[in-house]
J.: 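Got a structure for you, questions after.
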Amino acid sequence: MRFQKALLPAILAGGFAAEAAALNIPLHKKQSDVNRADAIKEAFTHSWEGYVKYAYGKDELRPVSNTGSNSRNGWGASVVDALTTAIMMGMDDVVLQQLEFIAVIDFTTTSSTVSLFETTIRYLGGLISGYDLLTGPYAGLLATNLYNAALVENLLTQAVTLADRMSFAFNTASGVPANNINFSTNSSTDTTNGIATIGTLVLEWTRLSDLTGDPKYAALAQKGESYLLNPKPASSEPFPGLIGSNVNITNGQFLDASGGWSGGTDSFYEYLIKMYVYDPTRFSTYKDRWILAAKSTMTYLQSHPTTRPDITFVAEYNGQSLSLNEGHLTCFIGGNFILGGQTLGVEDFTQFGLNLTSGCHDTYNATVTKIGPERFSWNPNNVPATQLLFFQQNGFYVTGSDYILRPEVIESYYHAYVNTKDEKYREWAWAAFQGINKYCRTDTGYSSITNVNAVGGGSKSDVQESFWFAEVLKYLYLIFDDSKEGGFVQGTQEWVFNTEAHPFKVAAK
Ligand SMILES: *[C@@H]1O[C@H](CO)[C@@H](O)[C@H](O)[C@H]1NC(C)=O
Ligand SMILES: *[C@@H]1O[C@H](CO)[C@@H](O)[C@H](O)[C@H]1NC(C)=O
Ligand SMILES: *[C@@H]1O[C@H](CO)[C@@H](O)[C@H](O)[C@H]1NC(C)=O
Ligand SMILES: *[C@@H]1O[C@H](CO)[C@@H](O)[C@H](O)[C@H]1NC(C)=O
Ligand SMILES: *[C@@H]1O[C@H](CO)[C@@H](O)[C@H](O)[C@H]1NC(C)=O
């Protein structure tokens, strides 16, 4: 079913009932949520059509100037990142277009530096997940013929080509990979790497080994990870399970003891429990490390603003001293604790995850746009005079005011909703989407904005990152769609999302 554009204004305004019949919605579904799922699909179609018209083949659309730009090596990041969302939305013609584009990407050359991490989570993740979905629950999406079968098989072929091409990154004295790699020289000038960029490869590279039967990809990623599971020196682990940020790629030793669940460290922790979901047999050590980190986070990093002790945030640290700051990126943490609690059957983790999700919701609910900021603080000693009243009322103040279409808060709403089925989380997700629609939408897509707490959202800064397609629209869609089409049953742990929201079939199932 294609979304009918003319109905969008009425749906966004909340007038659902009358449109249901026109949209041919099955009666057993709750009408408002079906309409909301269709509004998310319309946002996808709007963004996709703008991208195709003005930036096709570039990495992302600039949705204000209507031009394209290449921030991810010019291989068409938005095409590959949008694939799994288009599949799950059932958009067969878009999927076919994407598969034909992907078939001819040349992943072996680029004139710009390649990020091993970004390329793994967006491109490799998108290819592998697209393959898993189209050979699994969505095998019926495309007509059965040799041409389509070849296009699907090609996803795995391209994943292998790309991983083989990047493998030299692991060719260091320790086996800890370099992140910034040069395809002209097959080398890197990096001397250190961060724990998120080292520790957010293992799901993608392990899945590739399991799909191809060639263990070399898993071995490379797991070797790098081994230094993070057993950090040295001991001083780089200031709280049990919570470690430093930067690793010397020559000897695998940590260079610092600062960190948290923020950008640069975040998805290392995320993948510890996700690897256990992926395969509890092979990755039980990863689970043990996640439990240590999770318990330490609850004991040492949990923080409540002086002005709003009812709110739960998590602090960052340098050694054992805390810094009362959080970023939008950190807000995936609620969802990760909920996933951990569900997986391990530990209610405390789930409850803490719900508390953290609620804290991140508070940062959305408090602003003019109903979208949360990129960075915020609750350090009572540093409050800018202009935000004293805001801090008094809301328990935080804004230290980075932009919104670049990040998914993490909505990602936590997804896990909260799937786990509890509490409609409150759907309302929160809908409020976030309405804010994004109101302040970020342009004639051709959705734009980053400069100030979530200014009238009008400040100004539009003209970037539509590929993760808008991969993550924001997918999590929103899954929150409102409960059709379970294609057998993708949520919350059953037969699938695990990579950090870019590309679902992988778990090994154990
Ligand atoms: C790759 O290395 C070559 C040789 O040192 C250099 O000329 C080129 O600028 C590098 N490319 C990038 C993207 O850094
Ligand atoms: C880099 O590696 C690719 C294969 O992955 C190879 O074709 C190319 O010749 C290598 N370039 C250099 C400068 O070694
Ligand atoms: C990394 O370790 C090597 C070998 O011990 C040492 O020579 C180098 O200075 C270290 N690099 C950094 C950035 O600390
Ligand atoms: C979650 O928040 C509630 C209400 O503030 C509190 O009673 C509860 O102890 C918190 N749970 C955890 C696990 O932190
Ligand atoms: C959201 O903010 C409004 C005030 O704008 C407040 O009335 C409401 O209680 C807040 N919701 C939550 C869940 O805190």
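Ligands are counted one by one from 1 in listed order, and the atoms in each one are counted from 1 as well.
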J.: Is the charged tip of R165 near the ring of F183: under 6.0 Å from the six-membered ring centre and within 45° of its axis?
T.: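 Yes, cation above the ring, under 6.0 Å and within 45°.
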J.: Report yes or no: is the cationic atom of K421 (NZ for Lys, CZ for Arg) closer than 6.0 Å to the six-membered ring centre of Y417, at no more than 45° off its axis?
T.: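 Output yes; distance and angle both within limits.
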J.: Can you report which non-hydrogen protein atom sits closest to atom 13 (C) of ligand 3, along with the distance?
T.: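 Result: T192 CG2, 4.0 Å.
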J.: Can you check atom 11 (N) of ligand 4: any protein non-hydrogen atom closer than 4.0 Å?
T.: yes
J.: Answer side chain, backbone, both or neither: which part of T185 comes under 4.0 Å from ligand 1, heavy atoms only.
T.: side chain
J.: Going by atom types only, do N73 and S112 share a side-chain donor-acceptor pair under 3.5 Å?
T.: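 Their side chains do contain a donor-acceptor pair, which is all the 3.5 Å distance test asks for.
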J.: Can you tell me which residue and heavy atom of the protein come closest to atom 2 (O) of ligand 1, and the distance to 0.1 Å?
T.: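 Answer, as residue, atom name and distance: N182 ND2, 2.3 Å.
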J.: Numbering the atoms of ligand 1 from 1, which are under 4.0 Å from a heavy atom of T113?
T.: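 Matching atoms, with element in brackets: 12 (C), 13 (C), 14 (O).
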J.: If you scan the protein for heavy atoms around atom 4 (C) of ligand 4, do you find one that is closer than 4.0 Å?
T.: no
J.: Which residue owns the protein heavy atom closest to atom 8 (C) of ligand 4, what's the atom, and how far is it?
T.: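 Heavy-atom neighbour on the protein nearest atom 8 (C) of ligand 4: N355 ND2, 3.8 Å.
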J.: V247 and side-chain contact (heavy atoms from CB on, under 4.5 Å): which partner among N193, T192, I198?
T.: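 That would be I198; it is the only one of N193, T192, I198 passing the side-chain contact (heavy atoms from CB on, under 4.5 Å) with V247.
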J.: Using only heavy-atom distances, determine whether the side chains of T67 and R62 contain a donor-acceptor pair under 3.5 Å.
T.: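 No, no side-chain donor-acceptor contact under 3.5 Å.
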J.: Between E374 and R406, does any NZ, NE, NH1 or NH2 come within less than 4.0 Å of an OD or OE carboxylate oxygen?
T.: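 Salt bridge: yes.
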J.: N/O to N/O below 3.5 Å, does that happen between N248 and ligand 3?
T.: yes
J.: Which of the numbered atoms in ligand 4 are below 4.0 angstrom from a heavy atom of D348?
T.: 13 (C)
J.: Is it the case that more than 12 heavy atoms not belonging to K295 sit under 6.0 Å from its NZ atom?
T.: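 No - once you tally the heavy atoms of other residues, nucleotides and ligands closer than 6.0 Å, there are 12 at most.
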J.: Run the side chain to side chain donor-acceptor pair (under 3.5 Å) test on N325 and S323 for me, step by step, so that the C-alpha distance in whole Å, both residues' side-chain angles and the decisive distance to 0.1 Å come before the verdict.
T.: CA-CA 6 Å; N325 293 287; S323 142; 2.8 Å; yes
J.: Distance under 4.0 Å to a non-hydrogen atom of L255: what atoms of ligand 3 satisfy this?
T.: 14 (O)
J.: Hey, does Q351 come in under 3.5 Å of ligand 4, counting only N/O atoms on both sides?
T.: no
J.: Report yes or no: does a heavy atom of S111 sit under 4.0 Å from some atom of ligand 1?
T.: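 S111: in contact with ligand 1 (<4.0 Å).
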J.: Would you say ligand 3 has an N or O under 3.5 Å from any N or O of N251?
T.: yes
J.: At under 4.0 Å between heavy atoms, which part of S112 makes contact with ligand 1: side chain, backbone, both or neither?
T.: backbone
J.: Please determine, by modelled atom types, if K58 and S69 share a side-chain donor-acceptor pair under 3.5 angstrom.
T.: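 Checked: K58/S69 side chains show no N/O donor-acceptor pair below 3.5 Å.
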